[in-house]
Number of protein chains: 2
Amino acid sequence: MLMHTKMAPESATINSVFGIGLQAELQNRLHETSSLHYLGAHEMVFMEGDDNENVYEVVEGVVILSKLTADGRRQVTGFVYPGQLFGVSLGDSSGYTAETVTAVRLRRYPYQSLDQSMDLYPSLGRRFLRWTSNELVAAQNQMLLLGRKSAMEKLASFLLHLSERSEAQDRDPARLFVPMTRGDIADYLGLTTETVSRTISRFRQLGIIELRERGYIHVCDFDRLTDFAEDEGCLH
Amino acid sequence: MLMHTKMAPESATINSVFGIGLQAELQNRLHETSSLHYLGAHEMVFMEGDDNENVYEVVEGVVILSKLTADGRRQVTGFVYPGQLFGVSLGDSSGYTAETVTAVRLRRYPYQSLDQSMDLYPSLGRRFLRWTSNELVAAQNQMLLLGRKSAMEKLASFLLHLSERSEAQDRDPARLFVPMTRGDIADYLGLTTETVSRTISRFRQLGIIELRERGYIHVCDFDRLTDFAEDEGCLH
DNA sequence: CGCCATGTTGATCTAATTCAATAACTGTGG
DNA sequence: CCACAGTTATTGAATTAGATCAACATGGCG
């Protein structure tokens with residue numbers, strides 16, 4: 001599979017959880033026990049119910065995490081971008097499914113060896129703890145979005161989030177890479193495909209965004225988009 | 001304030017995060033740096049936006065955690081029961097508000113001293129990591145609930161959750177202690193007070209639950225309640 | 001080209017919200 | 001102990017945001 005060419009435009013790993021700041025010794029140790037994996041678009045990494053013994057780092061591409069109800073309704077719990085982890089299911093995990101959205105380069109760390117490394121290098125445990133804490137904050141924000149925001153507010157928040165991500169990766173914050181389908185976005189925001197499509201159309205009609213290239217959304221008016229997001233904050 | 005009497009019926013700390021399993025030495029150390037606090041019902045512990053420098057353990061009573069949108073809509077992100085922690089906002093926290101639901105006994109641990117203890121006792125860091133991981137799993141389940149479940153499914157899931165909690169505290173799993181208001185429940189489940197009230201009424205009419213004592217809900221038919229919960233699981 | 005997945009748009013429909021009225025319960029002070 | 005004020009809960013009627021159903025467009029790819 002020649003996915004290097006396809007992945008090229010979306011590379012650049014900047015703020016890795018396992019990135020700069022770790023002792024070289026630890027970095028080597030982690031590197032040794034890990035392995036690189038390449039997957040095409042729309043492939044499964046692991047399924048809800050599997051007992052996954054690994055932590056994955058996305059090196060390149062986008063991964064989608066989701067959970068299902070018994071009758072097949074899906075909730076997307078997150079999109080994972082380069083430098084971020086998934087698969088950390090310590091504790092009495094209930095599990096989720098991880099699939100690729102784009103072609104993806106992954107680094108796999110067996111959980112057992114990370115566990116051992118944590119004994120030797122407390123800084124690793126710290127970093128993990130910090131990471132899960134941040135995930136928890138993100139999860140709480142998503143609960144606010146799912147439970148209390150309108151379709152327009154949801155979409156606006158989502159687009160602004162993509163923009164931050166874009167900026168964090170030193171790329172144009174107005175040119176949003178949106179490789180996931182409308183259905184994926186819908187399942188992330190607690191909406192239907194149709195509503196996502198309609199809401200995007202409305203933002204387009206309002207001149208807030210433009211759909212120039214397929215797979216990208218261009219933000220024209222950040223101010224009005226921010227107004228719609230009606231975001232977090234009793235920052236009195 | 002004589003709240004000992006009022007709190008008596010809801011005591012018993014069983015599965016504390018800082019409970020059995022920690023070295024005695026560490027336990028002492030934690031105990032020394034911590035302090036006990038008593039609060040009445042409906043008091044604020046800290047507000048969204050405050051930079052909170054502490055981790056709290058609920059010793060007795062129930063605490064409610066919530067976030068607000070700019071225009072005042074509220075999302076309850078969780079209820080905290082005896083033995084559980086809140087206030088862990090490492091990382092680039094955005095914060096939330098913590099208020100008491102009932103009269104509450106809290107143990108406060110300054111974050112800084114926990115941090116130091118983690119250096120000396122890696123087991124503490126482990127325990128924290130395990131705890132945040134479990135919180136993350138709970139958060140993902142809540143996202144599924146908020147994004148994809150109907151009002152009846154939400155209520156059924158909530159009641160079953162309370163039942164598990166009740167059982168975990170060695171109390172009757174059919175007699176649910178529900179000290180929070182319908183509004184609190186609504187803000188937790190992404191509904192309105194009226195819908196929560198109506199849905200409870202419907203379960204009552206169906207003979208699935210009974211409202212005998214104020215502040216409690218009695219489950220009569222777990223099987224049908226479980227059917228309604230339409231719960232997590234592609235446990236193929 | 002023609003197939004299949006994805007996306008858009010329109011016309012209904014409905015679950016839950018909103019608005020409104022009343023009831024029940026809590027606590028407070030005379 | 002009771003009245004009355006305030007919060008909390010219930011129930012009904014009207015409204016609506018978003019879902020569902022349906023038709024068609026687009027676009028990538030063998």
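Convention: sequence-line order gives letters A, B, ...; per-chain numbering from 1.
- A sub-4.0 Å separation between OP1 or OP2 of C/dT8 and a side-chain N or O of A/R182 is present.
- For B/E60 and B/R105, the salt-bridge test passes: some basic side-chain N is under 4.0 Å from an acidic carboxylate O.
- Among the protein residues, A/I185 comes within range of no part of the nucleic acid, since none of its heavy atoms lies under 4.0 Å from any strand.
- Within the nucleic acid shown, A/L189 has no heavy atom closer than 4.0 Å to any nucleic acid atom.
- The pair B/D221-B/R224 counts as a salt bridge, with a side-chain nitrogen and a carboxylate oxygen less than 4.0 angstrom apart.
- Not a single donor-acceptor pair, N or O on each side, falls under 3.5 Å between the base of C/dT9 and the side chain of A/R202.
- Residue A/S197 is classed as a base contact, given a heavy-atom separation below 4.0 Å to a base.
- At the phosphate of C/dT17, OP1 or OP2 sits under 4.0 Å from a side-chain N or O atom of B/T192.
- The shortest non-hydrogen separation linking A/R74 to A/D184 is NH2-OD1, 2.6 Å.
- If you check every strand for non-hydrogen atoms under 4.0 Å, B/T193 touches nothing.
- Within the nucleic acid shown, B/L191 comes within 4.0 Å of sugar-phosphate atoms alone, with no base atom in reach, counting heavy atoms only.
- Heavy-atom distances to DNA chain D give each of A/T195 and B/E194 a nearest nucleotide, and the one nearer the 5′ end belongs to B/E194.
- Side-chain atoms of B/S197 and B/R182 include no donor-acceptor pair closer than 3.5 Å.
- Residue B/G215 is out of contact with every strand shown, counting any heavy-atom pair closer than 4.0 Å.
- For the OP1/OP2 pair of C/dT26 and a distance below 4.0 Å, the side-chain nitrogens and oxygens of B/R214 include at least one atom meeting the criterion.
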